[in-house]
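Note that the structure is a prediction, hence the values are computed from the model and not measured. Values below: every heavy atom of this structure, side chains too, minus hydrogens, waters and symmetry copies. For the single chain, residues carry numbers from 1 onward in sequence order.
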Amino acid sequence: MDMSAQFKIDQEVGQPVDPRQGKRLKVFLAARVLAAGRTVPVHLLDLSKKGALVHADMPRMPGEMIWVLWNGIDILSRVAWCRGNRFGVAFETSLSDGQIAQMVAATGAPRLTAARRSGRRDWLRWFRK
């Protein structure tokens with residue numbers, strides 16, 4: 001398969017972008033995961049409309065369905081991969097711009113690498129592109 005069909009180049013930073021990933025925001029949010037009838041504390045390390053990077057003392061198994069719970073936002077998710085104490089989740093329903101804004105605001109100043117490299121300060125405008 002032609003690699004150009006799988007990946008495109010991010011024009012701002014010159015790096016390949018996996019179209020399944022979406023734009024990711026670096027965050028550090030204390031949250032909870034509900035899985036197998038237990039709620040465990042976790043930290044969200046990055047966030048996109050379609051998924052997140054999660055750190056937990058008890059990682060989950062790929063393919064497992066879990067709920068990511070944060071401040072009244074409950075997101076049904078599937079564990080996509082797991083490496084050590086980190087795992088990626090794919091949300092069953094995409095987050096709205098309002099939910100993203102609420103979560104990023106709780107983090108303080110967003111740490112958006114690509115936006116910082118390009119000199120942009122309005123992360124939400126960049127994120128919507």
Side-chain angles (χ1 to χ4, degrees):
M1 175 181 257
D2 181 13
M3 288 300 285
S4 63
Q6 287 182 324
F7 296 96
K8 64 180 181 178
I9 300 296
D10 182 332
Q11 299 300 321
E12 292 181 10
V13 293
Q15 297 294 320
V17 175
D18 183 343
R20 296 170 299 167
Q21 300 283 328
K23 295 178 182 177
R24 295 200 169 258
L25 297 167
K26 300 278 186 197
V27 297
F28 187 77
L29 295 171
R32 293 172 292 128
V33 163
L34 173 62
R38 290 186 48 201
T39 303
V40 295
V42 300
H43 284 96
L44 303 180
L45 303 178
D46 78 20
L47 183 65
S48 75
K49 286 186 173 189
K50 297 181 180 184
L53 172 62
V54 182
H55 178 272
D57 290 336
M58 295 182 61
R60 311 312 310 173
M61 297 297 296
E64 183 178 8
M65 297 303 292
I66 63 173
W67 285 92
V68 176
L69 313 170
W70 180 84
N71 200 28
I73 298 173
D74 303 340
I75 313 156
L76 182 61
S77 308
R78 179 185 49 78
V79 177
W81 58 267
C82 182
R83 283 185 217 111
N85 288 349
R86 292 181 176 202
F87 57 96
V89 297
F91 302 146
E92 288 295 301
T93 304
S94 296
L95 292 175
S96 69
D97 287 341
Q99 289 171 319
I100 292 279
Q102 181 183 358
M103 295 174 91
V104 170
T107 303
R111 294 174 285 162
L112 184 58
T113 306
R116 196 177 317 148
R117 286 183 190 152
S118 69
R120 294 183 182 178
R121 299 203 184 266
D122 185 354
W123 65 268
L124 189 55
R125 186 176 307 140
W126 181 87
F127 189 74
R128 287 181 179 163
K129 284 187 176 181

Check your understanding: Are the side chains of Val54 and Leu45 in touch, meaning some heavy atoms are under 4.5 Å apart?
Key -> no
Revision key, fill the gap. By ring-ring contact (aromatic ring centres under 6.0 Å, His included), His55 pairs with (sequence neighbours left out) none
Review point. So which pairs with a foot in residues 68-102 pass ring pair (Phe, Tyr, Trp, His ring centres under 6.0 Å), sequence neighbours left out?
Key: none
Point to revise | Verdict with reasoning, Lys49 to Lys23, per side-chain contact (heavy atoms from CB on, under 4.5 Å) | key: CA-CA 8 Å; Lys49 286 186 173 189; Lys23 295 178 182 177; over 6 Å; no
Review point. Going by heavy atoms in the side chains, are Arg32 and Val40 under 4.5 Å from each other?
Key: no
Review point. Salt bridge (Lys or Arg N to Asp or Glu O under 4.0 Å) with Glu64: which residues, sequence neighbours excluded?
Key: Arg60
Check your understanding: Looking at CD1 of Ile75 and CD1 of Ile66, how far apart are the two atoms once the value is rounded to the nearest 0.5 Å?
Key -> 10.0 Å
**Study point:** Leu76: hydrophobic cluster co-members (side-chain, 4.5 Å)
**Key:** Leu34, Met65, Trp67, Leu69
Review point. For Gln99 and Ser94, which heavy atoms make the closest approach, and how far apart are they?
Key: OE1-O, 4.4 Å
Exercise for review: Look up atom CG in Asp57 and atom CG in Asn85, then write down how far apart they are to the nearest 0.5 Å.
Suggested key: 6.0 Å
Study note, to complete from the structure: In terms of heavy-atom contacts, Met103 and Leu44 come closest through CE-CD1, 3.7 Å
Check your understanding: Step by step, would you call Leu29 with His43 a side-chain contact (heavy atoms from CB on, under 4.5 Å)?
Key -> CA-CA 5 Å; Leu29 295 171; His43 284 96; over 6 Å; no
Point to revise | Smallest separation among heavy atoms of Pro62 and Ala80, with atom names | key: CB-O, 4.1 Å
Exercise for review: Would you list the pairs meeting salt bridge (charged side-chain N to carboxylate O under 4.0 Å, His left out) in which at least one residue belongs to residues 67-96, sequence neighbours left out?
Suggested key: none
Check your understanding: Quick one: CD1 on Ile100 to CD1 on Ile73, what's the gap to the nearest 0.5 Å?
Key -> 8.5 Å
Practice item. May I ask you to test the Leu95-Leu47 pair for a side-chain heavy-atom distance under 4.5 Å? Key: yes
